[in-house]
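Start at 1 with the first residue, then count along the sequence.
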Amino acid sequence: MTTRPAASLLLVALLCVVAAPAEAKLRVVATTETHAALARVVGGDRVSVTYLVKGSQDPHAILPKRSFSVLLNRADLLIVNGQGLEAAWLPTALAESTNGRIREDKSGYLDASTGATLIPYGPADVRASVLLRVLFAVQSAVVSKQTEIPVGSNHHYALDPSNGMAIAQAILDKLVLLDPTNADVFRANYERFASKLTERLAEWDAQMKPFEGMQIVSAHRSWTYLARRHGLQILAYVEPPEPLILAVGNLDNPPDRDEKAELVAKMTQHGVKLIVAETYQNQAMLGEIARQAGASLLALPWSVSQADGIDDYFALFDRIYENLTRALQAVRTPS
């Protein structure tokens, strides 16, 4: 009789061990806090999510850490922003990982720009290195046909809030593929998010409607998507054309003295009174340009950032629109 409790406990323990894999959460690693936040929304309590880049950091210029390898080695799914945003550091982080499931051609890898509405870079937006230009010139000579250097698309697509729908859809599709037993849960989570986002998009669009057609200067080519959505006109960028291929040695891209003077003159000529930048950028340099042009500087968050109290996708755009509409109203020229 005394062995029955022990036997019962042993049976329960064995059942728990057998059931554990079925209850295990998918381990998701996202490169940015924004993509991590959207993964949490869609995955809910069936996923465990972490990220590599804080919302307070410059996502182009990240130094891979040993902790990245720990996270990547355990991941079932890696979600990247894509379009070259992580080109200067993610290949190194992946090379130091032993996890074959999250390689670019594997099922555990997701480029979240899939399905997003992208803005192609124009010739004036990027610059190719001398070596790359020479290689394409040689290719053109060999084939006797002009060969254009592909410039790709602007990787800041997540700053158009409507692209949040496409990002969430891409995450949904991948989670369903990796964990079909929870497909209904993931779909229900996505539908709730999509419904709320549709409502909020209408609210944000209404807030921005009065400022349609206003001109601004963007420090980096990151506010292009938001400007396009709301009919803002970007007169110029503070930074010169971006390197076509981001690398550790070319991430710092400030304007020189002549470029600053040209920008100030252009802003003065057109009466542009607002420079929009990200919080991680050189505020002293941008503030000096704004001062010389008689303009204001507005630093906005580019990402969800728990450290800054921006906990989810909706909080991010609430913060952006609250600050942006206030700044636009302040510099608006009375009609």
Could you work out, with side-chain hydrogen bond (donor to acceptor under 3.5 Å, both in side chains) as the rule, every residue matching [X], not counting sequence neighbours?
X	result
S113	Q83, D111
R200	E203, D318
D160	S162
E212	K209

Check whether any side-chain N or O of Y157 sits under 3.5 Å from a backbone N or O of N81 as a donor-acceptor pair, and report yes or no.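 At least one qualifying donor-acceptor pair exists.
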
Answer yes when E288 and R291 have at least one side-chain N-carboxylate O distance shorter than 4.0 Å, and no when they do not.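 Salt bridge between E288 and R291, a charged N being under 4.0 Å from a carboxylate O: yes.
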
Looking at D205 and R229, does any basic side-chain N land under 4.0 Å from a carboxylate oxygen?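 Yes, charged N to carboxylate O under 4.0 Å.
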
Ignoring hydrogens and angles, state whether a donor on the side chain of N154 or H156 is under 3.5 Å from an acceptor on the partner side chain.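 Side-chain D/A pair, N154 to H156: absent.
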
Could you list the residues that satisfy ring pair (Phe, Tyr, Trp, His ring centres under 6.0 Å) with H230, not counting sequence neighbours?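 With neighbours one apart ignored, the set is Y321.
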
Please name all residues satisfying ring pair (Phe, Tyr, Trp, His ring centres under 6.0 Å) with F211, sequence neighbours left out, ordered by chain then number.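 With sequence neighbours excluded, F211 shows a ring pair (Phe, Tyr, Trp, His ring centres under 6.0 Å) to no residue whatsoever.
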
Taking transitive links into account, so neighbours of neighbours count too, which hydrophobic residues share a cluster with L177 at under 4.5 Å side-chain distance?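 Same cluster as L177: nobody, lone residue.
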
V70: which other cluster members, linking ILVMFWY side chains closer than 4.5 Å, directly or transitively?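 Reading the cluster by chain and number, V70 sits alone, since nothing else belongs.
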
Do Y190 and F186 have ring centres separated by under 6.0 Å?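 No, ring centres 6.0 Å or more apart.
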
Contacts of type side-chain contact (heavy atoms from CB on, under 4.5 Å), residue [X], not counting sequence neighbours:
X	answer
D256	D258, E259
S69	N73, E96
R66	none
A183	V176, R187

Can you tell me if CZ on R74 sees more than 12 non-hydrogen neighbours from other groups inside 6.0 Å?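 No, not enclosed.
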
